[in-house]
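Step one of this worksheet: look at the structure below.
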Amino acid sequence: MNFIKRAWLNVWAKKGRSVLLILVSSAILMFVLAGLLIRSAAVKATNQAKADVGATVTLSANRQAAFKKMQSSSSSSKSSRPKLSLTPVKLSDASKIAKLSNVKSTNVTSSTAVNASSYDVVSTSSSLGGNSGGPGGMKSSTSSGDTQIDGVTATSLATDFSSKQSKITKGRGITAADKNTNHVVIEKELASQNDLTVGDTVTVKESSGDKAKVKMTIVGIYKASSTSSSSAGPMSTDPSNTMYTSYTLANTFKGSKYAGTADSVTFNVRNPAKVGSLKTAGKKLINTSKYSLSTDDSSYQTVKASMNSVEGFANKIVWLVAIAGTIILALIVILMIRERRFEIGVLLSLGEARWKIIAQFFTEMLMVIVVAVAIAGAGGKFVGDQLGSQLVAQSTTTQTTSTSASGQPGGGGQPGGNGTRGGGPGNTGSTSKQATKKTDLDISVSAVNLAELGGFGLAITFLSIMIASGGILRLEPKKVLIS
Amino acid sequence: MLKTTDLGYWYQDKQQPLFEGINLEFEAGQSYAIIGHSGTGKTTFLSLIAGLDRPKAGEISLDGKSLSKIGLTTYRRHDVSIVFQAYNLFTYMSPLNNLMTAMAITAAEHAGDRDYAQKILEDLGIGADLINRNVQRLSGGQQQRVAIARTMACDANLVVADEPTGNLDEDNTKEVIAQFQRIAHDQHKCVIIVTHEPNVADQCDHQYRLENKQFTAVS
């Protein structure tokens, strides 16, 4: 093992050269580590996104089938104008799907419209009301109510709240415990206009049936973001006139025949990657001629695409830097070996084995790399932070732009008709915002990263020495020492 | 001890050999000088007997065993020790580490024995104040003495030297040649010196002149 001692003596004696080698190796490894950190952070962020962003499967009336039915009835009977008849979702069907293994939570939605009785609604110039569903994302009522009632299982599961477009500012939101109660959450603007606060009551009048008056207790006040308001166009009520109740109360407003039903039921999926299999399993449990199951994993896909792009780039960084580093180090080692030809010649004249001479150079580089790994470990986080945030910004901008371009109109409204929402939520605004928020990279140096870096350092050193050692293997001591 | 049989060597043209049909014997306990004009092939002959190159014709044997059978690396490690004109020490080491390294590589009997190496150096005038100094900070004469000490520290019975006094002044030359004589006579080793200096050759027990592709003994 004399070659180890020789390696140490050489590294120590030629301090200047060793320091330069350490600096070059540190720079190479710093970029390798930055790539490794970004890659592992991207993987972590993608996994986190699975948990945070999630994906949903929505059970609702099969509009397509109902439309076909309407068309066939219109061709057979020309006396009366055909109507689109949608079958409300049975909660018993929904509970079967809720029992499937990948379902994390369930949100029942039942919307309708009522008329204000004890308060004045918020009026805006664009708040004209209407009789049909508006474009995607807009809230409208098909009955002649001036107040939109959104019945939910819990406000926290409602899209506007989960995407942070609306947030509770006072009191609390609707929870599963509010089932079969008259609790309501109203908008801040409506509350301030009518001087209402948590604990007060409001009375509404049903817009259909016996038009009974119903008194509701305010348990919370929420603030709708200006985005919602600004997105509302003609044919929509002012977002401030939307109240959240339990879906059971919304069903009461709609009439006794709606008990045990919902406009739609949204299932939050535990693992977004398995949303397709959940949909397939769910379809087996329902009557698909009446109901449909649709999936929405666009948020997850946006984050995943963004992170895949970052991860792909990080991978390229790792490999490009590793290859470039190997070439650079190999060239340095080749030059180093050339200037040490006499030393190699003397070693050969003493009868030293060629592999031990190569092992000496490898050991010298190993000593350099160990120090370089430590330096890169300290500096890699900084480089990774800078590079990572730049990449995420670039990647998120690209993803947001592409999503915006493809998803302008909120297509395929789910519930529709029957005094409920016209179109489903458009997936542009809220999704992109969510994705942007979720794709921050948490870059930190772990023991695993350092071990990976050490592995790369070892591989780079080994390859460099192997490339450079061709000269040692060919070297003839006579030519070096005698000539 | 060392014997050459019909030894021959050429570079490109076989018809123009440097030397051919060389039959010589070198004995332990004797010193030999190889002399001759420049370009006659003295150093090439030395590189062959030092195991740094292979002969083109004939063979070299040590104690009756062909070098090709021993293997050149093994031969260089255990049987021969070389001193060069340019010293060829490990420049990043001290004299002591140079000796310790050579002893370790050649698996000498005293490998790892620091005191043994230090004593050899001191015997050659490299005192305690110099043994841990980088060899590049020693004079030419001192460096050549370190190189000779290196051969003494190893157990090889054959010592070959290529113009060992080429870079030395008169006093150092005398001292170095005296050391080689001691190695031959006191340590009972075979010393072969290639030189162009007649005063160096005169100090050796035997002289061979390489001329017209042949060696001739000089009386």
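The sequence lines fix the lettering, A, B, ..., with proteins before strands; numbering per chain opens at 1.
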Angle between ring planes, B:F26 versus B:Y208, binned at 30° and 60°: parallel, tilted or perpendicular? perpendicular
So, the part of A:K356 with a heavy atom under 4.5 Å from chain B: the answer is neither
Could you report the tightest heavy-atom contact between A:L481 and A:G345, atom names first, then the distance? CD1-O, 3.2 Å
Parallel under 30°, tilted from 30 to 60°, perpendicular over 60°: which one fits the rings of A:W8 and A:W12? parallel
Given that the side chain runs from C-beta out, which part of A:E352 has a heavy atom under 4.5 Å from chain B: side chain, backbone, both or neither? both
The interface call for B:N97 against chain A, heavy-atom contacts under 4.5 Å, is side chain
Taking the six-membered ring for Trp, is the centroid-to-centroid distance between B:F215 and B:F45 below 6.0 Å? yes
Chain A shares the most heavy-atom pairs under 4.5 Å, among B:A156, B:S47, B:S94, with B:S47
Heavy-atom distance under 4.5 Å to chain A: side chain of B:D162, backbone, both or neither? side chain
Chain A heavy atoms under 4.5 Å from B:L46: which part of the residue, side chain, backbone, both or neither? side chain
Identify the two heavy atoms, one from B:S31 and one from B:C204, that lie closest to each other, and give their separation to 0.1 Å. OG-CA, 3.4 Å
Identify which part of A:N2 has an atom lying under 4.5 Å from any heavy atom of chain B, answering side chain, backbone, both or neither. side chain
Tell me which of these, A:R354, A:R6, A:K14, has more heavy-atom pairs under 4.5 Å with chain B than the rest. A:R6
In terms of heavy-atom contacts, does OH of B:Y116 have more than 12 from other residues, nucleotides or ligands at under 6.0 Å? yes
